[in-house]
Amino acid sequence: MEAELSKLGNNLVTKFHVLMRISQIYDSKNVALNQFINEFLETVNTLIKESGVLSLKIIKDDFFLNEQRLRYSVEGFTSVKDVATQWKKRLIGEVIFKTLMGEDTLRYFIYAFINLEEGREENPDLLKKQLESHQITSIDVNPWEIVEGEEEAFTLQKEDHREVGKKIFFETIGTIKEVITNIKGNQYADIRKLKRLAQKAIHLVIEDESILLGMTMIKNYDEYTFNHSVNVSIYSLAMGKRLGFSKKILTELGITALLHDIGKSKIPREVLNKPGTLSSEEWEMMKKHPLMGVEIVLNLKQLGEINPRMVVGVFDHHLMNDLSGYPRLFLKKEVSLFGRIIQIADSYDAMTTPRIYKKIPYTPEQALAVMLREKTVHFDPLLLKIFIGLVGIYPIGSLVLLNTHEIGIVYKSNHDPKLLDRPIVLLVDRDAEGSATKELIDLTDTDRAGNYKWSIDKTLDPYKYHIDIAKYFL
Ligand SMILES: [Fe+2]
Ligand SMILES: [Fe+2]
């Protein structure tokens, strides 16, 4: 129900976005507008029929449909962002649709809205009066309220990076989805866009890796393949940065990681998403994905963007340190550096993501423990050490219990190797109205006597506490 409403809400905002854009191009009499007006009407009226009065409201960066926060969707992300900006510029924070809407009403409203002067405080009142003078009683608007809170000081300086991070993250997911769809349909796939996005991500990772690392907590069950590719790329880039790679090599690594499972696009969906164990035939097919990936990569039109390092990285990302794994080799070779990096990122992300055959995934801590147990056989021990240094003993996104009995989420790891157990933690709490508050604390803070103010007692399982970790990173 909640998901359904979220979907319809995102749909509504996206259509509002289109309408807004179109009305900036054409005048209100233009017939080109009709189709978009009608599409918006269809969605809004469906929602009104279902829930009566419909309020669409912005609080901070989020849209709320009748008090329910709309979850981000990959497709809708850019529209939602843009609509929010347009509303804020005009200082409108809420639009209420009270009764079923007609074409003329909506047409009048959208132009009145678009023509509001940016940054003018009187806008909400002005718009109300305009609607009234046109006997429009079915739409009401309210001013945008700037929410002040403790978090503001922190978000202000972080805001830009975080916004950039979200944009890169969702855009990359959208682009990899496009690439995979095109490859499936044997169509032209443009990977130059992936390259540009990888470069942007590298820029951000160098500035502050914790932002993109936090985004890897958004585990999207339905869009596993796309999210997974992006997450593996983020982990790989952060490792590459620590290994001192140049921007050029980092770009290659980023693209290789994004494409590492591209061979899976040739494997039938039923096999990929099979809930039970695979038959030996299916498993054989599955094991071919690195090789099929190589074939796809070599067939890419912009082959100039690809070099042997990248091809080999795709080829051996399931080849273990002891050369077990797949594809089976007839000659002994060393697993490539890209392959070894991607392998660690790949295993960690796969283990910490819920899958159709394993609904409750490992916590970050459990996943690291498994990897450490298998380290000499499966992973490059040195790279694994770097990876652990990167995600911390308490990886970003771990739910932790503090000695003060407060619960928090690890937000950013400590760069000092001696202080890996003292990350920045986001306290999970609720204010009087029951909405989540965000307070960041630094576990290296001490009191006057020099004792640490907070320490981590243990990690907790977010599934047991019904805490949606991803929410805190958006
Ligand atoms: Fe793979
Ligand atoms: Fe993978």
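Indexing begins at 1, ligand by ligand and atom by atom, following the structure's order.
- The closest approach of D261 to the Fe ion (ligand 1), by N/O/S atoms, is made by OD1.
- For D346, the N/O/S atom at the shortest distance from the Fe ion (ligand 2) is named OD1.
- Taking the six-membered ring where tryptophan is involved, the planes of H317 and H260 are perpendicular, since the angle between them exceeds 60° and thus also 30°.
- The Fe ion (ligand 1) lies at the vertex of an angle of 100° between the NE2 atom of H289 and the NE2 atom of H317 (rounded to 10°).
- At a threshold of 2.8 Å, the Fe ion (ligand 2) has no backbone or side-chain N, O or S atom of D349 nearer than that distance.
- Aromatic ring pairs are classed by plane angle as parallel below 30°, tilted from 30° to 60° and perpendicular above 60°; the pair F245 and F338 is tilted.
- Checking T404 against E406 by side-chain atom types alone, a donor-acceptor pair falls below 3.5 Å.
- H260 lies close to the Fe ion (ligand 2), since one of its N, O or S atoms is found at a distance under 2.8 Å.
- Residue N231 forms a side chain to side chain donor-acceptor pair (under 3.5 Å) with just one option from D349, D346, T216, and that option is D349.
- The N, O or S atom of H228 lying closest to the Fe ion (ligand 2) is NE2.
- A salt bridge is defined here as a Lys NZ or Arg NE, NH1 or NH2 lying under 4.0 Å from an Asp or Glu carboxylate O, and K264 with D261 meets this definition.
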